[in-house]
Novice: 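Quick one: structure below, then a few questions.
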Amino acid sequence: MASSDTERRDDEDAPAAEDEDTGAQVAPIVKLEAVAVTTGEENEDVILDLKSKLYRFDKEGNQWKERGAGTVKFLKHKETGKVRLVMRQSKTLKICANHLVLPSMSVQEHAGNDKSCVWHAPDYADGELKDELFCIRFPYIENCKTFMETFQEVAESQTKKEENEDASAAADQLEKLKVEDKKKEGEDKAGDKAEDKAAEKE
């Protein structure tokens, strides 16, 4: 009995034999075609990309709840120039934060922790717009500082962009008014001349 046990152990300890090539050809049963995957980020440039862990404040439970761990990105749209913050979980790629960075937003260091910071945002990660208080934690203090600086720069740049858009819209309106005024002046002068001619004929 002892000899059979040792034979089994020897068989288990022996290195596994390499797969032998039998020359048999096996065709796949189902043919799969490559599918193009769209992330929604194709028309955007990445400004910042950092690993982090995101939390949201649960008002009902009065506590922080983990939203996910992954990479947080600032994405700038190539045409509109608008910047949004997007965070996806690392393994599932599920979105855990998705909102525009607006001029009214500000980010500040979380009290008692230099690796994390907090901000308010109307978020669309769950498919509906909700006002959330976020906290994000980074593995290094430098990453947190970089995130905060980029956040502030983006918010300020959006303010300038909005001011420029407002100014150009106002300029367009003024231009339209000037053109309309000139048209009216031209029409008034033409009307006066027509009246003068009619008076001369009489």
Side-chain angles (χ1 to χ4, degrees), residues 32-170 172:
L32 299 175
E33 294 180 21
V35 177
V37 178
T38 57
T39 60
E41 299 173 12
E42 287 77 21
N43 292 332
E44 296 169 310
D45 294 324
V46 178
I47 297 172
L48 185 71
D49 187 350
L50 295 170
K51 287 190 183 250
S52 57
K53 192 176 273 192
L54 185 72
Y55 301 86
R56 71 170 185 83
F57 191 73
D58 181 26
K59 293 171 189 165
E60 293 170 9
N62 198 28
Q63 62 182 347
W64 290 102
K65 289 195 172 179
E66 188 176 327
R67 205 37 146 13
T71 56
V72 64
K73 297 178 186 176
F74 285 107
L75 301 171
K76 184 175 185 176
H77 199 275
K78 291 176 182 174
E79 293 171 15
T80 62
K82 291 184 178 180
V83 179
R84 67 180 175 132
L85 181 145
V86 176
M87 182 167 175
R88 294 179 186 272
Q89 293 180 6
S90 53
K91 291 180 182 174
T92 61
L93 298 180
K94 182 178 183 256
I95 291 178
C96 44
N98 180 18
H99 64 79
L100 286 172
V101 179
L102 303 172
S104 57
M105 291 180 186
S106 65
V107 64
Q108 55 194 359
E109 195 174 289
H110 189 276
N113 191 344
D114 352 349
K115 294 181 185 176
S116 57
C117 52
V118 294
W119 74 97
H120 270 282
D123 186 56
Y124 200 76
D126 295 334
E128 59 180 86
L129 203 61
K130 285 193 267 184
D131 190 46
E132 298 277 14
L133 175 60
F134 288 114
C135 176
I136 195 164
R137 193 176 77 210
F138 298 93
Y140 307 106
I141 296 171
E142 295 79 23
N143 289 9
C144 185
K145 287 181 180 174
T146 304
F147 176 84
M148 289 175 66
E149 287 167 7
T150 307
F151 197 110
Q152 293 294 1
E153 286 171 15
V154 168
E156 287 168 12
S157 72
Q158 297 302 308
T159 305
K160 290 173 188 167
K161 191 167 288 173
E162 279 188 6
E163 287 172 1
N164 290 342
E165 286 173 5
D166 291 345
S168 61
D172 289 344

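In this text the structure is predicted, and so the values were computed from the model without any measurement. Basis for what follows: all heavy atoms, side chains included, without hydrogens, waters or symmetry-related copies. Along the sequence shown, residues carry numbers from 1.
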Novice: Would you say His110 and Trp64 make side-chain contact, with heavy atoms under 4.5 Å?
Specialist: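 Counting from C-beta outward, His110 and Trp64 do come under 4.5 Å.
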
Novice: I'd like to check Lys115 versus Pro139 (side-chain heavy atoms, cut-off strictly below 4.5 Å). Are they in contact?
Specialist: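 They are not in side-chain contact.
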
Novice: Give every donor-acceptor pair under 3.5 Å between a side-chain atom in residues 140-151 and any protein atom, sequence neighbours left out.
Specialist:
unit_1, atom_1, unit_2, atom_2, d
Thr146, OG1, Glu142, O, 2.8
Thr150, OG1, Thr146, O, 2.8

Novice: Of all heavy-atom pairs between Asp123 and Glu132, which one has the smallest distance, and what is that distance?
Specialist: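 In this case the closest contact between Asp123 and Glu132 is CB-CG, 4.0 Å.
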
Novice: Show me the donor-acceptor pairs, under 3.5 Å and distance only, between side chains in residues 87-101 and residues at least two apart or in other chains.
Specialist:
unit_1, atom_1, unit_2, atom_2, d
Arg88, NE, Glu41, OE2, 3.1
Arg88, NH1, Leu93, O, 3.2
Arg88, NH2, Thr39, O, 3.1
Arg88, NH2, Glu41, OE2, 3.3
Gln89, OE1, Thr92, OG1, 3.2
Gln89, NE2, Arg67, O, 3.1
Thr92, OG1, Lys94, N, 3.3
Asn98, OD1, Arg84, NH1, 2.9
His99, NE2, Trp119, NE1, 3.1

Novice: Would you give the length of the straight line joining atom CG of Asp45 to atom NZ of Lys78, rounded to the nearest 0.5 angstrom?
Specialist: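 Result: 5.0 Å between the selected atoms.
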
Novice: Distance-only check: which donor-acceptor pairs under 3.5 Å involve side-chain atoms of residues 46-63, not counting sequence neighbours?
Specialist:
unit_1, atom_1, unit_2, atom_2, d
Tyr55, OH, Arg137, NH1, 3.1
Asp58, OD2, Gly61, N, 3.3
Asp58, OD2, Lys65, NZ, 3.4

Novice: Could you check whether any side-chain heavy atom of Gln158 comes within less than 4.5 Å of a side-chain heavy atom of Leu102, counting everything from C-beta outward?
Specialist: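 Sidechains of Leu102 and Gln158: no contact.
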
Novice: Determine the minimum heavy-atom distance between Asp131 and Pro122, stating which atoms define it.
Specialist: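 Residues Asp131 and Pro122, closest heavy atoms: OD1-N, 3.9 Å.
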
